[in-house]
Number of protein chains: 2
Amino acid sequence: MGATKTEHFTEKQNQIAILAKALGHPARVAIIEYLMSVDTCICGDIVNVLPLAQPTVSQHLKELKNAGLIKGNIEGNAICYCIDEKALKTLQSYFAAISSHLEKKKNNCC
Amino acid sequence: MGATKTEHFTEKQNQIAILAKALGHPARVAIIEYLMSVDTCICGDIVNVLPLAQPTVSQHLKELKNAGLIKGNIEGNAICYCIDEKALKTLQSYFAAISSHLEKKKNNCC
DNA sequence: TTTTTATATTGCAATATTACGATAATAAAT
DNA sequence: ATTTATTATCGTAATATTGCAATATAAAAA
């Protein structure tokens, strides 16, 4: 064993889990924050910004891309990675819904 | 190797990563959603609701608790787990900030 | 007190993640 | 055509996660 039983959960639950998992590493959070901070879309300096070796950064970028959090095109020997707004909007909506639900409830146990 | 290099990232980045990682599994997303759906705080039926064995569920609950997403007290031989609103508020604020930042920017590359 | 009920812990096997050196691939620059 | 610069892939070691059977723990019920 060791493999997640995705088939037992809803599409939505799996989707949120995939996005959350992709952000479940500080390097990937840092990458998203960096992509937000730069104006340009070409940003070959991600490797220099992060305290990790180039193959490791490349791997993290791949995971963010697989999860759908970033989009990337190859521009010559530079990369053009940027945030996929749709994915982040999904997360924003999800947690906004949870928050408003919790506020309505005001349950005060625990 | 294989251990995350947390020390190279900011407190905030690590905090978000910890919360996101905890939600990086559909079972744990399902648990949060279930805790939201029930009115009561005592909810010993989590095990019956999920398609996983009892020790596995117990482990997922432990991880959610470690990450700070749920709070739990033992109430006799039942458990009282509930959502820690603070943690979910943190996530809500974080993604709200990202979303509003992205909307302001309207970058249209990629 | 013994049984029942409910959750936690232990131990283990299967799998996944993290990290990086070495190397490949690719395109711009010389 | 060769060099240079940049990103991707491969291979591998260390560690973490996932899942569950077996067992422990703890309190209510009998």
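Lettering follows sequence order; numbering is per chain, from 1. Keep in mind that this is a model prediction, so the values were computed, not measured. Only this structure's heavy atoms are used, side chains among them; waters, hydrogens and symmetry mates stay out.
- With rounding to whole Å, N66(A) atom CG is found 10 Å from dT9(D) atom P.
- One interatomic measurement links the two molecules: CD1 of I46(A) to P of dA5(D), which rounds to 20 Å at whole-angstrom precision.
- Side-chain contact check for N14(B) versus V29(A): every heavy-atom pair is 4.5 Å or farther apart.
- R28(B) places its CZ atom 15 Å from the P atom of dA16(D), with the value rounded to the nearest Å.
- Between F9(A) and L52(B) the shortest heavy-atom distance is CZ-CD1, 4.1 Å.
- Close to dA19(C), at under 4.0 Å from its OP1 or OP2, lies a side-chain N or O of H60(A).
- In this structure, E7(B) places its CD atom where more than 12 heavy-atom neighbours from other residues, nucleotides or ligands lie under 6.0 Å away.
- One atom, CD1 of I18(B), and another, P of dA16(D), lie 14 Å apart when rounded to the nearest Å.
- With hydrogens and angles ignored, no donor-acceptor pair closer than 3.5 Å exists between the side chain of Q59(B) and the base of dA8(C).
- Both N48(A) and T6(A) sit near DNA chain D, but only N48(A) has its closest nucleotide nearer the 5' end.
- Taking 4.0 angstrom as the limit, T56(B) places none of its side-chain polar atoms (N or O) nearer than this to OP1 or OP2 of dG19(D).
- We find that NZ of K65(B) is positioned 9 Å from P of dT9(C), with the value rounded to whole Å.
- The shortest distance between side-chain heavy atoms of F95(B) and L23(A) falls below 4.5 Å.
- Rounded to whole angstrom, the span from the NZ atom of K62(B) across to the P atom of dT7(C) amounts to 16 Å.
- Between I79(A) atom CD1 and dT7(D) atom P there is a gap of 5 Å when expressed in whole angstrom units.
- Between Y81(A) and dT6(D) there is no side-chain N or O to OP1 or OP2 distance below 4.0 Å.
- For the residue pair K89(B)/Q92(B), the side-chain donor-acceptor check at 3.5 Å is satisfied.
- Across the protein-nucleic acid pair, Q54(A) atom CD and dT9(D) atom P stand 11 Å apart, rounded to whole Å.
- Comparing K21(A) and P55(A) by the nucleotide of DNA chain D that holds the closest heavy atom to each, the one mapping nearer the 5' end is P55(A).
- Side-chain atoms of H25(A) lie closest to dT18(C) of the nucleotides dA8(D), dA8(C), dT18(C).
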